[in-house]
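What follows is one structure encoded as structure tokens, with my remarks underneath.
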Amino acid sequence: MQGLLRRLERAGVSSRSLVLALPYLWLIAFFVAPFLIVLKISLSHTALAIPPYKPLIEWTSRSVLEIRLDLRNYLAMFSHRLYGDAFLNSLKVAFLSTVFSLAIGYPMAYGIARAGARARGVLLLLVVLPFWTSQLLRIYAWVGLFKANGLINSTLLSLGVIHQPLTLLFTPFAMYVGIVYSYLPYVILPLYANLEKLDWQLVEAAQDLGCRPWQAFYKVTLPLSRNGILAASMLVFIPATGEFVIPTLLGGPNSLMMGRILWDEFFGNRDWPVASAIAIVMLLVLVPCMMAYLSIQSRGSDA
Amino acid sequence: MGHRSAGEPWNDPDARPYVELRRVTKKYGEFTAVDDVSLKIYEREIFCLLGASGCGKTTLLRMLGGFEAPTAGRILIDGEDVTDVPPYERPVNMMFQSYALFPHMNVEQNVAFGLKQDRVPKAQIRERVAAMLEMVQLGEYAKRKVGQLSGGQRQRVALARALVKRPKLLLLDEPLGALDKKLREHTQFELIGLQDKLGVTFLVVTHDQEEAMTLASRIGVMERGTIAQAGTPAEIYEYPNSKFVADFIGSVNLFEGRLVEDEPEHVRIASEEIGGTILVGHGISSAPDATLWAALRPEKIAMSLGAPAQTDNVARGVVQDVAYLGDLSIYVVRLPTGKLVRITRPNLARHAEPVERDSEVYLCWDAASPVVVTR
């Protein structure tokens with residue numbers, strides 16, 4: 001090992017660049033390579049075969065190298081309104097879920113950060129606890145609550161609040177409840193980490209200088225927790241855009257989401273090229289979001 | 001110094017206090033942080049609350065700022081009861097120990113924050129902020145981010161931010177605590193100058209007795225939630241009312257004893273610790289059999305190799321330790337009884353008569369020097 005390192009060093013490869021190479025190799029193997037595979041499939045032609053697409057690059061009989069890029073997979077997305085609608089709907093659902101999650105998660109994170117040291121540990125544990133059971137199971141639990149003869153309806157009926165069971169399951173409402181519920185820990189944890197570091201004397205200083213409590217919150221706490229809010233938003237927005245399980249189980253057949261369509265193209269139609277094209281387009285939308293987030297965050301840390 | 005030229009309103013029974021605490025108590029569960037404190041502070045004073053950590057001085061300060069509500073008692077500022085007034089409506093500003101500068105704003109925005117909050121017209125804000133920054137010598141730093149400032153500069157931004165609102169009372173929590181020694185000395189005098197110029201009443205909390213002595217018109221020494229003694233720095237130093245105060249401010253030699261001669265003009269205390277009696281040149285009021293302590297400051301004891309002329313207030317001993325501090329030297333003298341006495345002597349001449357370790361010396365002091373405390 002020592003000898004190998006020394007020989008590498010003589011060849012101009014320092015041990016520092018070896019250490020740096022590790023994460024790069026990881027990213028190439030598990031991010032760049034799969035991405036290239038998906039990109040390749042998205043440009044291939046569909047076929048009834050295994051795998052269900054034709055190769056991109058082929059030696060034909062006349063010893064000619066043929067490269068066929070099938071752009072129809074991408075064009076299909078523009079020719080059918082379905083895709084565009086699903087895309088917009090996905091973004092809308094992801095956006096609203098992010099807003100709702102922040103609206104519920106911020107006060108919770110704030111409360112935990114301001115709680116006593118002992119209560120804090122218990123509260124954080126309660127936030128993380130649902131992770132110990134499968135997400136699928138927890139979503140099925142919501143199905144049980146929302147069903148026509150589920151817990152919510154039967155309770156309301158027996159109390160006489162309603163006389164007909166409410167339609168809860170397979171509604172946008174049920175879907176948003178499911179998404180917000182599932183992603184709430186991802187909102188609370190980064191916000192808590194951020195708020196926990198906040199110097200509460202700054203809030204007192206703001207009050208001392210004439211701010212009512214809500215003004216102090218708006219002018220000091222909120223701007224200083226900006227990075228936490230951004231991180232939390234990304235952690236909800238990005239996975240919610242491609243969310244598949246929750247819209248299917250709670251939102252029902254009418255919830256048109258990109259994740260759903262991707263699933264149908266891939267497993268239903270066995271149209272891998274179109275499914276891959278959808279995945280690529282989603283990536284093209286989400287990566288700029290991610291980059292905007294990173295640039296805002298780094299600008300924030302300069303301050 | 002200006003703040004001391006206003007006379008001594010605390011000795012004038014008709015003077016109107018500017019800040020008044022009336023029997024203020026603060027309890028946290030079973031723990032009493034501030035215990036039945038009454039205090040009057042007068043306009044343009046620099047009043048220092050001095051005490052070790054946990055003595056309740058910060059709690060008292062926070063109650064004046066409105067951040068803690070007293071469990072009992074009233075707080076009045078300029079004749080107005082502010083006990084239940086929230087911090088954002090009090091005519092009081094605070095300079096926090098950590099300075100609590102807003103990291104997402106530059107120097108100018110920090111200082112303007114309070115004025116904006118009060119909806120002062122824009123032009124006026126600009127003017128007042130610029131004048132204030134000029135006064136604390138930070139004019140060129142207006143656009144700097146807070147994170148780019150040195151400790152001394154941050155301290156001045158915090159001061160400017162609190163003073164720009166022209167509060168009736170400025171609360172300062174360990175204002176010089178985070179500065180190094182040289183800067184601290186310089187800043188002390190700056191603070192006094194600024195206070196004098198603006199005529200704001202200061203309440204300073206500190207654990208540093210030197211800081212309190214330099215800044216204060218009066219000092220309140222705090223011990224376990226109460227004010228053990230309040231008075232001018234000289235009063236506190238020369239006439240401490242208890243062992244605690246005598247020991248807290250400066251250093252002191254305490255000799256335990258009993259009263260053996262009680263005259264209106266003088267008293268004599270027999271102390272086994274000194275192996276004799278101490279003549280005190282003033283009368284005291286005390287029960288005849290009570291235990292007393294004679295407190296004697298190290299610089300008020302003279303030390304000589306030859307026998308002094310006086311017969312009272314003389315003791316003999318052996319020098320056990322000498323510490324040379326440049327401007328003065330500290331000697332620790334062991335008496336035959338085993339008691340250690342601390343003496344300081346200024347090094348007046350460069351080659352003074354040497355008193356070395358293990359020298360046999362005489363100690364003597366004036367009858368006016370000891371202070372008798374009963375607790």
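Sequence lines set the chain letters: A, B, ... in the order given, protein chains first and strands last, and positions in each chain run from 1.
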* Asked: Which of parallel (below 30°), tilted (30 to 60°) and perpendicular (above 60°) describes A:Phe31 and A:Phe35?
  -> parallel
* From B:Arg23 atom CZ to B:Arg74 atom CZ, the distance as rounded to the nearest 0.5 Å -> 14.0 Å
* **chain A contact via B:Glu89 - which portion, at a heavy-atom distance below 4.5 Å** => side chain
* Asked: In a check of ring-ring contact (aromatic ring centres under 6.0 Å, His included) between A:Tyr106 and each of A:Phe217, A:Phe100, A:Tyr192, which one passes?
  -> A:Phe217
* Using non-hydrogen atoms and a 4.5 Å limit, figure out which bit of B:Arg161 sits close to chain A: side chain, backbone, both or neither. => both
* To do: Report the option among B:Pro167, B:Ala158, B:Ser98, B:Pro86 that has the most heavy-atom pairs separated by less than 4.5 Å from atoms of chain A.
  => B:Ser98
* Structure fact -> Note: A:Met282 and A:Leu262 closest approach over all heavy atoms is SD-CD1, 4.3 Å
* Is a side-chain N or O of B:Thr32 found less than 3.5 angstrom from the main chain of B:Asp35, in a donor-acceptor match? -> no
* Part of A:Ala206 within contact of chain B (heavy atom distance under 4.5 Å) -> both
* **Proximal component of B:Leu101, with respect to chain A [non-hydrogen, under 4.5 Å]** => backbone
* **Part of B:Arg62 lying under 4.5 Å from any heavy atom of chain A** => side chain
* **chain B interface, residue from A:Asp199, A:Leu224, A:Leu202 that has the most non-hydrogen pairs under 4.5 Å** => A:Leu202
* **Lys NZ or Arg CZ of B:Lys26 over B:Tyr28 ring: under 6.0 Å, within 45°** => yes
* Would A:Arg120 and A:Glu196 pass as an ion pair if we require N to O under 4.0 Å? -> yes
* Asked: Taking every heavy-atom pair that is under 4.5 Å apart, which of B:Met105, B:Gln97, B:Met94, B:Gln148 has the most such pairs with chain A?
  -> B:Met94
* chain A contact via B:Phe102 - which portion, at a heavy-atom distance below 4.5 Å -> both
